[in-house]
Amino acid sequence: MLHANPSPHQPIRSSMTDLPAQRGGKPVVRFAPSPTGFLHIGGARTALFNWLYARHHGGTFLLRIEDTDRERNNEAAVAAILDGLRWLELGWDGEPVSQFSRAGRHREVANEMLKRGRAYRCWSQPAEIEAAREAAKAAGRAQIFESPWRDRDPAAAPAGVEPAIRLKSPRTGETTVRDNVQGTVTFPNKDLDDLIILRSDGNPTYNLAVVVDDHDMAVTHVIRGVDHLTNAARQTQIYEAMGWPVPEFAHVPLIHGPDGAKLSKRHGALGIEAYRAMGYLPAALRNYLVRLGWAHGNDEIIPTERLVEWFGLDGIGKSPARFDYAKLTDLNGHYIRNATDAELVRRIEDILPEIEGGPALAAKLAAGGRARLEAAMGGLKDRAKTLLEIVDGAHYLFAARPLELDDKARALLDAPARATIAALLPRLLAVADWQAAEIEAAVRAHADATGLKLGKVAQPLRAALTGRAVSPPVFDVMAQIGREDALARLEDQAA
RNA sequence: GCCCCGUUCGUCUAGAGGCCUAGGACGCUCGCCUCUCACGUGAGCAACAGGGGUUCGAAUCCCCUACGGGGCGCCA
């Protein structure tokens with residue numbers, strides 16, 4: 001159904017040579033995470049927006065790992081990000097590109113800019129720069145650093161010091177970012193300093209690398225978080241210095257935590273795999289995430305196919321949203337009820353290794369329990385909002401006798417209730433065909449004969465059969481666990 | 001501090017000058033349905049940040065204030 005990555009385990013590609021040069025006027029977008037941690041919820045939504053945009057327009061969705069900072073590079077993080085995208089079923093086109101591997105090309109462009117007089121070597125040292133910033137801050141001026149080397153003769157360079165290369169950005173005028181979400185945003189050039197494009201160790205910095213890669217990858221639309229808005233202005237200057245066309249921009253608002261604060265790692269932000277382990281379905285998470293910032297009239301439950309059909313940048317709002325578990329959970333319930341029993345069994349099995357009590361259940365499923373679970377799924381999924389709740393609700397299917405009763409079940413099984421069970425037993429013994437309908441008929445007959453309300457009979461049965469006060473319909477339960485087990489569980493509690 | 005952006009029910013949002021007595025969804029409250037729970041369903045509570053303009057008319061346009069967010073690295 002969804003575009004699965006055709007070769008998920010291939011190494012990150014390092015060259016552009018296999019990229020189709022022209023894509024027939026179709027948009028090319030990319031998701032470009034930095035491998036500093038897992039795929040968090042904001043990144044997931046950015047990826048989703050990009051993916052939807054590409055799919056909607058029949059374009060291309062590329063993946064690029066922004067790993068130019070070698071000190072922060074982390075292979076486990078790359079793997080976690082790719083896993084997260086796969087789980088969310090956001091398949092990308094081609095192989096992921098490692099930005100670091102393209103450093104040679106970045107250097108080439110930096111040198112070209114030097115040649116064009118759009119960049120210059122800067123021998124200023126970090127301590128010196130820091131001091132200048134402090135001074136600016138103290139004086140109440142914008143904390144931008146103006147390198148003395150912009151106009152100084154390179155011949156005056158200190159010996160034995162490797163220079164960094166800075167963009168020679170315009171000092172006057174303004175730089176305008178035409179953004180599909182933020183509108184037209186203008187920055188005075190005096191507020192944009194000469195950013196370093198090549199470090200003194202010869203490695204490119206983010207803003208250079210992004211521009212070069214987006215250009216080389218023929219990216220037409222850059223969709224990312226608003227935290228990159230000022231970068232868009234800086235990057236625009238680099239595009240202009242190189243005479244390259246500037247891509248379309250769309251800077252989407254950030255997602256905040258339930259308390260309104262920034263959803264950061266240190267604020268309890270979770271990786272996407274945490275949502276999987278909490279029993280959420282990828283389709284539900286996609287639906288929830290897209291609605292955080294994007295709307296299509298009053299539509300709430302929007303299947304992915306419809307999302308692809310409807311998605312557009314013009315539906316994205318400018319204000320940040322808070323993450324709300326209650327709504328995600330409600331949406332998840334809808335998707336669970338509409339999922340097939342087989343899919344739910346498969347998804348449950350997928351997460352068993354990572355949830356509490358999962359391995360034990362996995363063993364039971366492997367030992368023949370899978371069919372029993374799937375058979376009971378209809379009743380289970382109707383009353384669950386997460387896969388975890390299904391697992392919990394399925395407890396009675398695999399419980400060993402004598403059943404442990406929870407507090408509510410124990411309360412239900414008072415002396416009269418136990419007597420009711422005992423009195424009912426002969427009728428159940430007489431049920432010829434152990435089907436839910438037959439069983440129900442027998443129980444209803446007993447209720448009629450004794451003048452008891454059905455609930456007065458059914459609840460004790462439920463407690464005895466499941467050990468709890470809540471379960472799928474008791475007659476279904478009895479049919480599912482089988483005549484022998486059902487009667488035995490009832491006898492255990494009869495008095 | 002400087003530069004940008006935002007602000008509609010608790011939350012996500014609809015709303016592009018009259019269709020708004022501001023709609024939907026989640027959550028919450030009270031019913032109905034019912035063997036429990038859930039689903040479904042009916043009803044209810046609940047918002048245009050504040051102040052000035054513009055206009056016959058403003059949630060929608062302009063300005064100011066307040067609050068919130070983002071950015072200001074040889075991080076990405």
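No experiment lies behind these values; they were computed from the predicted model shown. Lettering of chains follows the sequences in order, A, B, ..., and the numbering in each one begins at 1.
Legend: salt bridge (Lys or Arg N to Asp or Glu O under 4.0 Å) pairs involving residues 408-423 of chain A, not counting sequence neighbours, sorted by first then second residue: A/Asp407-A/Arg410.
No more than 12 heavy atoms of other residues, nucleotides or ligands shown are found within 6.0 angstrom of CZ on A/Arg121. Remark: A/Glu162 CD is loosely packed, at most 12 non-hydrogen atoms of other residues, nucleotides or ligands lying under 6.0 Å away. The 12-atom threshold is exceeded at CD of A/Glu112, counting heavy atoms of other residues, nucleotides or ligands nearer than 6.0 Å.
The nucleotide B/rC2 finds its pairing partner in B/rG71, both defining distances of the Watson-Crick or G-U wobble pair being shorter than 3.5 Å. Base pairing of B/rU55 is not made with any nucleotide, judged by Watson-Crick or G-U wobble geometry with both donor-acceptor distances under 3.5 Å. Searching all strands for a Watson-Crick or G-U wobble partner of B/rC37 with both distances below 3.5 Å returns nothing. Under the Watson-Crick or G-U wobble criterion, with both distances below 3.5 Å, B/rU7 is paired with B/rA66. Shown here, B/rA43 forms a base pair with B/rU29; the pair counts as Watson-Crick or G-U wobble because both key distances fall under 3.5 Å.
Not counting sequence neighbours, A/Glu389 has no partner by the salt bridge (charged side-chain N to carboxylate O under 4.0 Å, His left out) test. Scored by the salt bridge (charged side-chain N to carboxylate O under 4.0 Å, His left out) test, A/Lys168 finds no partners at all (sequence neighbours excluded). Residues passing the salt bridge (charged side-chain N to carboxylate O under 4.0 Å, His left out) test with A/Arg468, sequence neighbours excluded: A/Asp392. When the side chain to side chain contact (heavy atoms under 4.5 Å, CB included) test is applied to A/Val246, the partners found at least two apart in sequence or on another chain are A/Thr236, A/Tyr239, A/Phe249. Partners of A/Asn50 according to the side-chain hydrogen bond (donor to acceptor under 3.5 Å, both in side chains) rule, which considers only residues two or more places apart in sequence or in another chain, do not exist here.
B/rC26 and B/rA14: their C1' atoms are spaced 15 Å apart (whole Å). The separation of B/rG70 from B/rC28, taken at their C1' atoms, amounts to 33 Å, rounded to a whole angstrom. Taking atom C1' on both B/rU21 and B/rG27, the two are 25 Å apart, rounded to the nearest angstrom. Rounded to whole Å, the separation between the P atoms of B/rC61 and B/rU8 comes to 14 Å. Of the P atoms belonging to B/rC45 and B/rC30, the separation is 15 Å, rounded to the nearest Å. Distance check on atom P: B/rG52 versus B/rG68 gives 23 Å, rounded to whole Å. Comparing B/rA43 with B/rG23, their P atoms sit 13 Å apart, to the nearest whole Å. Between B/rC37 and B/rC32, the two P atoms lie 12 Å apart (nearest whole Å).
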Report each atom pair, protein N/O against N/O of nucleotides 12-22 of chain B, whose distance is under 3.5 angstrom.
unit_1: B/rC12; atom_1: OP1; unit_2: A/Arg322; atom_2: N; d: 3.0
unit_1: B/rC12; atom_1: O2'; unit_2: A/Arg291; atom_2: O; d: 3.0
unit_1: B/rC12; atom_1: O2; unit_2: A/Lys327; atom_2: NZ; d: 3.3
unit_1: B/rU13; atom_1: OP1; unit_2: A/Gly293; atom_2: N; d: 2.6

Short heteroatom pairs, N/O only, protein and nucleotides 37-43 of chain B, under 3.5 Å:
unit_1: B/rC37; atom_1: O2; unit_2: A/Arg383; atom_2: NE; d: 2.4
unit_1: B/rC37; atom_1: N3; unit_2: A/Arg383; atom_2: NE; d: 3.2
unit_1: B/rC37; atom_1: N3; unit_2: A/Arg383; atom_2: NH2; d: 2.6
unit_1: B/rC37; atom_1: N4; unit_2: A/Arg383; atom_2: NH2; d: 3.4
unit_1: B/rA38; atom_1: O2'; unit_2: A/Asp382; atom_2: O; d: 2.9

Dump every N/O contact between nucleotides 60-63 of chain B and the protein below 3.5 Å, one line per pair.
none

Expected rows: protein N/O vs nucleotides 44-50 of chain B N/O, under 3.5 Å:
none

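Shortest non-hydrogen contact noted between A/Val226 and A/Pro253 is CG2-CA, 3.8 Å. Between A/Ala464 and A/Arg489, the closest heavy-atom pair is O-CB, 3.8 Å. Considering all non-hydrogen atoms of both residues, A/Ala463 and A/Ala409 come closest at CB-O, 3.7 Å. A/Ala241 and A/Leu167 make their closest contact through CB-CD1, 4.4 Å (heavy atoms, listed as atom of the first residue, atom of the second, distance). Across all non-hydrogen atoms, the minimal contact from A/Arg102 to A/Asp216 is NH2-OD2, 2.7 Å.
Residue-to-nucleotide contacts include no donor-acceptor pair under 3.5 Å from the side chain of A/Thr205 to the base of B/rC74.
Ring orientation note: the planes of A/Phe323 and A/Tyr288 are nearly perpendicular, at an angle over 60° on the 30°/60° scale.
The residue A/Asn203 sits apart from the nucleic acid: no heavy atom pair falls under 4.0 Å. Contact annotation for A/Thr68: backbone-only contact, meaning every heavy-atom pair under 4.0 Å involves sugar-phosphate atoms and none involves a base. Counting non-hydrogen atoms under 4.0 angstrom, A/His228 reaches a base of the nucleic acid.
Residue whose closest nucleotide on RNA chain B sits further toward the 5' end, between A/Gln182 and A/Asp476: A/Gln182. Of the two residues contacting RNA chain B, namely A/Ser34 and A/Asp191, the nearest-nucleotide position lying further toward the 5' end is that of A/Asp191.
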For A/Arg30 and A/His221, run side chain to side chain contact (heavy atoms under 4.5 Å, CB included): C-alpha distance rounded to whole Å, both residues' side-chain angles, the deciding distance at 0.1 Å, then the answer. CA-CA 8 Å; A/Arg30 83 313 194 262; A/His221 293 70; over 6 Å; no
Verdict with reasoning, A/Ile336 to A/Lys385, per side chain to side chain contact (heavy atoms under 4.5 Å, CB included): CA-CA 7 Å; A/Ile336 281 184; A/Lys385 296 196 173 192; 5.8 Å; no
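The stretch residues 415-424 of chain A does not touch RNA chain B, since none of its heavy atoms comes less than 4.0 Å from the strand. Within a heavy-atom distance below 4.0 Å of RNA chain B, the residues of residues 445-458 of chain A found are A/Leu454, A/Gly455, A/Ala458.
The closest side-chain donor-acceptor pair between A/Arg427 and A/His446 falls under 3.5 angstrom. Donor-acceptor pairing under 3.5 Å is recorded for the side chains of A/Thr175 and A/Asn189.
Contact check for A/Leu313 versus A/Phe49: no side-chain heavy atoms found under the 4.5 Å cut-off.
A/Arg444 has a side-chain polar atom (N or O) that falls below the 4.0 Å cut-off from OP1 or OP2 of B/rC35. For the pair A/Thr230 and B/rG70, the criterion of a side-chain N or O lying under 4.0 Å from OP1 or OP2 is not met. In terms of phosphate contacts, A/Lys318 brings no side-chain nitrogen or oxygen within less than 4.0 Å of OP1 or OP2 of B/rC5.
You'll find that the side chain of A/Leu254 is closest to B/rG70, out of B/rC35, B/rA76, B/rG70. For A/Arg234, whose side chain is taken as the heavy atoms from C-beta onward, the closest listed nucleotide among B/rG27, B/rC3, B/rC72 is B/rC72.
For the pair A/Glu162 CD and B/rC74 C1', the interatomic distance rounds to 13 Å; values are reported in whole Å.
When each of A/Met113, A/His106, A/Arg107 is tested with A/Val109 by the rule side-chain contact (heavy atoms from CB on, under 4.5 Å), just one qualifies, namely A/Met113.
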